Enquirer: 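Once you've had a glance at the structure underneath, I'll fire off some questions.
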Amino acid sequence: MSLAFSQVQSRQIYTMEDLSILESENNFKEFFAHALDIKPSKRDKTWSSLVESMGIHYLDQLTKNRFIDKDQKLLLLKISNWTFFKNNEIFIQKRDTVLVKMLKQCFKLGSKDCFSNAEIYFYNYKHSKEFAFHLTQVLVDNGAIPKTLWPYIDKFTQDTISEFYCDKPSLKNIILAKVYALKENQLNIVNNIHPDCFKKVKKEITKGLFSNSETKKKRSYRLLDLKNELTPKDKSFYLLTQYLQDSKMTKTAMDMAITQLRELGENYQRREEVLKKLVKIDPLPGGIFKENKSDMAKIRILSRHFPEYIDNYTKTCLDYLEGNKEYTNGNPTPHCHSLFKLNPKLNLLPQNMLKRYKDAIQFAF
């Protein structure tokens, strides 16, 4: 008789009575080692109730334990693959809580396998909808780069439940990192994000319209437009900043920007509102004043319909040159000198400002 055959023959087969005793003793290890000894044809409601009870109690114990050892982890992962537990929602919910606890413990112990463990936990087992959020929260807290975590939360952001989580810092940062890293031909991914989830990150994306980064500004506009979350005021503001920055614009966009300026010219209160938003941008948009590429007609249109902006740009420049105010990021009006050099052709600036500028640059040099 072979050794292998002898070992199989000597393996003790447990009965339902044995399993009931193990349940009363909370002997999880031995119970799960023999729960499948019962033939499939004999696994009735009593057996199912017994196994489910032990599975739930095992998870409750692991949740309470201060430390989960290697054998306990292996047993948990083993029974998670049992067909009986794969679709048990209560088991899955509690098991996911333990998986998150195991991952936190892993990072606390300084193990090198934590990120790979997270990948195994996520892809090898069926989960509750919220698991993706809780898993990525642990990963973010332990130094994961947000945009690399998108595969974990992709489907989660498409679900209605995401509405209650997308404003949480960890998840919001993952979403923002992803949408700003997308290439233009990948923006269809944004359409998959549930509208209620997108609304939770909309505020941060709208802030991008005020960014001093042209790339971020344009992407913010595209994202809001793509999700039909671009308000008329936001659209107007974006087109105006593009005009002021002298960014590349289509003829349609340019015509819309000029229309916006003409409308502003007839509404003083609206000009004041827009100006308050514009002065928050650092540095102030002013590419339109570049001496080597200035378009006199565009500057004259701006002067005619929104003179307050040129006035504010000029005063801010003088305050900087004269040292009247401190600006954290340096010169807030990088095209100020060009504007003053263009003035003889434009005749837009008052004499008192011209004198202040002359005195300021003489003092500086």
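Computed from a predicted structure; not experimentally measured. Scope of the values below: all heavy atoms of this structure, side chains included, with no hydrogens, waters or symmetry mates.
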Enquirer: As an exercise, state the distance from NE2 of H335 to OH of Y313, rounded to the nearest 0.5 Å.
Expert: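 Nearest 0.5 Å value for the NE2-OH distance: 5.5 Å.
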Enquirer: Quick check: do M296 and L342 have side-chain heavy atoms less than 4.5 Å from each other?
Expert: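 They are in contact (side-chain heavy atoms under 4.5 Å apart), so the answer is yes.
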Enquirer: Would you call K298-D246 a salt bridge at under 4.0 Å N-O?
Expert: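 Yes.
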Enquirer: Are D159 and K155 ion-paired here, with the side-chain N under 4.0 Å from a carboxylate O?
Expert: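 Salt bridge between D159 and K155, a charged N being under 4.0 Å from a carboxylate O: no.
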Enquirer: Taking the six-membered ring for Trp, are Y58 and F31 closer than 6.0 Å centroid to centroid?
Expert: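 Not close enough - the centres of the two rings lie 6.0 Å or further apart.
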Enquirer: Give the cluster check for I68 versus I79: same hydrophobic cluster or not, with ILVMFWY residues linked at side-chain heavy-atom distances below 4.5 Å.
Expert: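 I68 and I79: one cluster.
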Enquirer: So, F156 versus F131, ring centres under 6.0 angstrom or not?
Expert: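 That pair fails the under 6.0 Å test.
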Enquirer: When rounded to the nearest 0.5 angstrom, what distance separates OG in S128 from CD1 in I90?
Expert: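 Taking OG in S128 and CD1 in I90, the distance rounds to 13.0 Å.
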Enquirer: Any chance you could measure N324, atom CG, to D319, atom CG, to the nearest 0.5 Å?
Expert: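 Rounded to the nearest 0.5 Å, the CG-CG separation comes out at 4.5 Å.
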Enquirer: Indicate, with yes or no, if the rings of W47 and F84 have centres closer together than 6.0 Å.
Expert: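 Ring centroids of W47 and F84 are less than 6.0 Å from each other.
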Enquirer: Verify the cluster assignment for Y123 and L103: are they in a single hydrophobic cluster under the rule of side-chain heavy atoms below 4.5 Å apart?
Expert: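 Shared cluster, yes.
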Enquirer: How about NZ on K101, more than 12 heavy atoms from neighbouring residues, nucleotides or ligands closer than 6.0 Å, or not?
Expert: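 Yes, the 6.0 Å shell around NZ holds more than 12 heavy atoms from other groups.
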Enquirer: Would you mind writing out the side-chain donor-acceptor pairs for residues 301-310 within the sub-3.5 Å range, not counting sequence neighbours?
Expert:
from	atom 1	to	atom 2	distance (Å)
E308	OE1	R271	NE	3.0
E308	OE2	R271	NE	3.0
E308	OE2	R271	NH2	3.0
Y309	OH	P285	O	2.4

Enquirer: Could you go through Q158 and D154, starting from their C-alpha distance and side-chain angles, then the distance that decides it, and tell me whether this counts as side-chain hydrogen bond (donor to acceptor under 3.5 Å, both in side chains)?
Expert: CA-CA 7 Å; Q158 299 174 37; D154 184 3; 3.1 Å; yes
Enquirer: E30 and Y14: side-chain donor and acceptor closer than 3.5 Å?
Expert: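 There is such a pair between these side chains.
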Enquirer: Hey, does H337 have a side-chain heavy atom less than 4.5 Å from the side chain of L321?
Expert: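 The answer is yes; the side chains approach within 4.5 Å.
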Enquirer: Is it possible for you to say whether L19 and I21 belong to one hydrophobic cluster, with membership spreading through side-chain heavy-atom contacts below 4.5 Å?
Expert: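 No; tracing contacts between hydrophobic side chains, which count when under 4.5 Å, never links both residues.
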Enquirer: Compare every heavy atom of V179 with every heavy atom of R219, then report the nearest pair and how far apart it is.
Expert: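 That closest heavy-atom pairing would be NH1-O, 2.9 Å.
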Enquirer: Carefully, step by step, assess Y180 and S220 under the rule side-chain hydrogen bond (donor to acceptor under 3.5 Å, both in side chains).
Expert: CA-CA 8 Å; Y180 280 112; S220 298; 2.7 Å; yes
Enquirer: With rounding to the nearest 0.5 Å, note down the distance linking NZ in K199 to CD1 in I193.
Expert: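 Here the interatomic distance stands at 12.5 Å.
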Enquirer: Classify the ring geometry of Y221 against Y238: parallel below 30°, tilted from 30° to 60°, perpendicular beyond 60°.
Expert: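 Ring orientation of Y221 relative to Y238: parallel.
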Enquirer: Which is it for N331 and T333 under the side-chain hydrogen bond (donor to acceptor under 3.5 Å, both in side chains) test, yes or no, and what are the steps along the way?
Expert: CA-CA 5 Å; N331 188 358; T333 54; 3.1 Å; yes
Enquirer: Given W82, which partner from the list F32, Y125, F91 fulfils the ring-ring contact (aromatic ring centres under 6.0 Å, His included) test?
Expert: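 Exactly one option meets the ring-ring contact (aromatic ring centres under 6.0 Å, His included) with W82, and it is F32.
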Enquirer: Is K355 paired with D359 through a side-chain N to carboxylate O contact shorter than 4.0 Å?
Expert: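 K355 and D359: salt-bridged.
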Enquirer: Tell me whether R270 is salt-bridged to E273, with the criterion being a basic N under 4.0 Å from an acidic carboxylate O.
Expert: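 A salt bridge is present here (some side-chain N lies under 4.0 Å from a carboxylate O).
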Enquirer: Are there more than 12 heavy atoms of other residues, nucleotides or ligands under 6.0 Å from atom NZ of K277?
Expert: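 For K277, atom NZ is crowded (more than 12 foreign heavy atoms under 6.0 Å).
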Enquirer: Flag yes if V140 and F122 sit in one hydrophobic cluster, no otherwise; membership is Ile, Leu, Val, Met, Phe, Trp, Tyr, and two members link when side-chain heavy atoms are under 4.5 Å apart.
Expert: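 Both belong to a single hydrophobic cluster.
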Enquirer: Between the side chains of D255 and K251, is the shortest nitrogen-to-carboxylate-oxygen separation below 4.0 Å, so that they form an ion pair?
Expert: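 Yes, charged N to carboxylate O under 4.0 Å.
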Enquirer: Do I299 and Y357 sit in one hydrophobic cluster, given that two such residues count as connected whenever their side-chain heavy atoms are within less than 4.5 Å of each other, even indirectly?
Expert: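 Looking at the clustering, Y357 is in the same group as I299.
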